[in-house]
2 protein chains.
Amino acid sequence: MPIKQIPDIVVGRLPVYLRALSYLAAEGIQTTSSHELGKRLGISAAQIRKDLSQFGEFGKQGTGYNVGYLREQIRRILKVEREWHVILVGVGDLGRALAHYGGFVDRGFRIVALFDSDPAKIGQRIGDLEIMSMDRLAEVVRERGIQVAMVAVPAAHAQKVAEDCMAAGIKAILNYAPITLQVPEGAFVQHIDPVTHLQRMTYYL
Amino acid sequence: MPIKQIPDIVVGRLPVYLRALSYLAAEGIQTTSSHELGKRLGISAAQIRKDLSQFGEFGKQGTGYNVGYLREQIRRILKVEREWHVILVGVGDLGRALAHYGGFVDRGFRIVALFDSDPAKIGQRIGDLEIMSMDRLAEVVRERGIQVAMVAVPAAHAQKVAEDCMAAGIKAILNYAPITLQVPEGAFVQHIDPVTHLQRMTYYL
DNA sequence: TAGATTGTTAATCGATTAACAATC
DNA sequence: TAGATTGTTAATCGATTAACAATC
């Protein structure tokens, strides 16, 4: 019997649903509906119901969804009810901002090691983490079984860094360098390039 | 006669094509093909040809595409052959990193004004820009005819800031706050939330 | 009960791919 | 010419929407 394949585009919307549910919970709202969620997110109610139905039945006819329960279910589906340890490679301006950002931990991610290739930075501390040499990346990743990396190095170095990460056992890379990384089957990359987002909007202006 | 409507998903890929073409140009490569581009980007050659064909005929049978020419054409389509003036609202760690980032200008965007609501920051300089009070946002946007904003304020303030921006005449917002902004018809928002990207990958781990 | 909302089905809509004539 | 690659068409594939029975 074939395992039902969930479309990636559906997986991609779950974090957005989860984020909205967290805000609803923070507002003290206990029950919501596909219509309410959809209105907040600019997504049709039908699509939200369809998406959720891929994973189970989480609502109640006539009532809608319990915010806390649905939130927990999506956290479980996305595997963020646990805490993922993440390395950060590249501690320039952006890397520093990411290292200081307080919004990772309560959504399932903790930066546990920093790496940079600049000898002048090695040994510096950010919070309670020390910036380490790239030489130590593989060792740290292997010993601690880390699967997720954030890469904030210059574009010219990003592909090499990604390959080093993969070789060490990293399976998922969040890439801030403005270049498309090539990774082998079974590895995952997400790209964050503000300029591509800006350019997508100027087309319409 | 109806104007041919370009799918937004196609528009969204153009900046990625453009970025790849810029790297090819920097490498001194003068000619490329849909296959070569596709291989670099993990996109099928057919899709690239189909996407480009929405806007015109840019290639030559048997030869492929002239890198410089195609690059110019996409820059024109995306309207980034000009320089867009952008305001940055929110000068925390991330805002500072964005203000320092050197990668905007040569891709069509220049940050021309900084705003923050923290009185302690107002008057501080970053490069040759002075951080201004939110009170001055509308005035600056109107006087200079600015249409694009980057928002890097805490989530709790982002919707209000977005509304202030829209009221002042901003038409496109790049939002770094981890919340879905609601904007009126005719305005555009792109969201950058690293955690949603991470969560999209952990599903598969 | 009456009203509301889910989960699901079928229909619609849209995007991607395969294939190939045209032609450089 | 022979080989390569485009632009485009048609076929396929996939995603979204509309509608509604089920039911809280």
Side-chain angles (χ1 to χ4, degrees), chain A residues 2-17 20-21 24 29-74 77 180 200 203-204, chain B residues 2-17 20-21 24 29-74 77 180 200 203-204:
Chain A
I3 294 163
K4 184 177 51 176
Q5 184 59 36
I6 308 288
D8 179 61
I9 196 161
V10 173
V11 175
R13 281 190 293 259
L14 291 184
V16 177
Y17 299 165
L21 289 163
L24 288 171
I29 294 167
Q30 301 193 349
T31 300
T32 190
S33 66
S34 57
H35 285 88
E36 182 179 35
L37 267 178
K39 202 172 159 221
R40 286 208 178 212
L41 299 177
I43 291 175
S44 78
Q47 178 157 89
I48 291 173
R49 292 200 303 277
K50 189 100 212 287
D51 285 352
L52 295 176
S53 76
Q54 304 263 11
F55 303 96
E57 307 189 359
F58 306 116
K60 213 181 276 187
Q61 285 105 322
T63 308
Y65 302 93
N66 178 286
V67 169
Y69 176 74
L70 181 56
R71 184 170 173 235
E72 281 315 306
Q73 293 308 304
I74 297 181
I77 293 163
T180 300
R200 183 176 192 156
Y203 171 81
Y204 298 100
Chain B
I3 294 162
K4 184 176 55 178
Q5 183 59 39
I6 308 289
D8 179 62
I9 197 162
V10 173
V11 175
R13 281 191 292 260
L14 291 186
V16 178
Y17 299 164
L21 289 164
L24 289 172
I29 295 168
Q30 299 191 351
T31 300
T32 189
S33 66
S34 57
H35 285 89
E36 182 179 33
L37 266 176
K39 201 172 161 223
R40 286 207 178 211
L41 299 176
I43 291 176
S44 78
Q47 178 156 91
I48 290 172
R49 292 200 303 278
K50 189 96 210 291
D51 285 352
L52 295 177
S53 75
Q54 303 264 9
F55 302 95
E57 306 192 358
F58 306 115
K60 215 181 274 188
Q61 285 106 322
T63 308
Y65 302 93
N66 177 286
V67 169
Y69 175 74
L70 181 56
R71 184 171 172 235
E72 282 314 306
Q73 294 308 305
I74 297 182
I77 293 164
T180 301
R200 184 177 192 154
Y203 172 81
Y204 298 100

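Convention: sequence-line order gives letters A, B, ...; per-chain numbering from 1.
One atom, CG of Asp8(B), and another, C1' of dA15(D), lie 15 Å apart when rounded to the nearest Å. Protein atom CD1 of Ile48(A) is 13 Å distant from nucleotide atom C1' of dT5(C), rounded to whole Å. Rounded to whole Å, atom C1' of dT6(D) lies 14 Å from atom OH of Tyr69(B). Phe55(A) has its CZ atom 16 Å from the C1' atom of dT8(C), to the nearest Å. Taking atom CZ of residue Arg49(B) and atom P of nucleotide dA19(C), one finds them 12 Å apart after rounding to whole Å. Between the CG atom of Leu52(A) and the C1' atom of dT5(C) there is a distance of 13 Å, given to the nearest Å. For Gln61(B) and dT8(D), the CD to C1' distance is 11 Å, given to the nearest whole Å. Going from atom NE2 of His35(A) over to atom P of dA19(D) covers 12 Å, rounded to whole Å.
For Thr63(A), no side-chain nitrogen or oxygen approaches OP1 or OP2 of dT5(C) to under 4.0 Å. For Tyr65(A) and dA4(C), the shortest distance from a side-chain N or O to OP1 or OP2 is not below 4.0 Å.
Tyr17(B) OH to Asp51(B) CG: the interatomic distance, rounded to the nearest 0.5 Å, is 3.5 Å. Atom NE2 of His35(A) is separated from atom OG of Ser44(A) by 8.5 Å, given to the nearest 0.5 angstrom. Atom-to-atom distance recorded for Asn66(B):CG and Gln73(B):CD is 10.0 Å, nearest 0.5 angstrom. Here the OG-CD1 distance, from Ser33(A) to Ile48(A), works out to 8.5 Å after rounding to the nearest 0.5 Å.
In the set dT16(C), dG7(D), dT23(C), dT16(C) carries the atom at the smallest distance from any side-chain atom of Gln47(B). Taking every side-chain heavy atom of Ser44(A) into account, dT17(D) is the closest of dT16(C), dG7(D), dT17(D). Distances from the side chain of Glu57(B) to the nucleotides dT8(D), dC24(C), dT6(C) place dT8(D) closest. Each of dT6(D), dC24(D), dT16(C) was ranked by its minimum atom distance to the side chain of Arg13(B); first place goes to dT16(C). The listed nucleotides are dA15(C), dT6(D), dT17(D); the one nearest the side chain of Ile9(B) is dA15(C).
Side-chain contact check for Ile74(A) versus Leu52(A): some heavy-atom pair is nearer than 4.5 Å.
With a cut-off of 3.5 Å on both Watson-Crick or G-U wobble distances, the partner of dG14(D) is given as dC13(C). Nucleotide dA19(C) has dT8(D) as its partner under the Watson-Crick or G-U criteria, with both atom distances under 3.5 Å.
Nearest-nucleotide assignment on DNA chain D puts the 5′-proximal partner with Phe58(B), out of Phe58(B) and Asp51(A). Comparing Lys50(B) and Ser33(B) by the nucleotide of DNA chain D that holds the closest heavy atom to each, the one mapping nearer the 5' end is Ser33(B).
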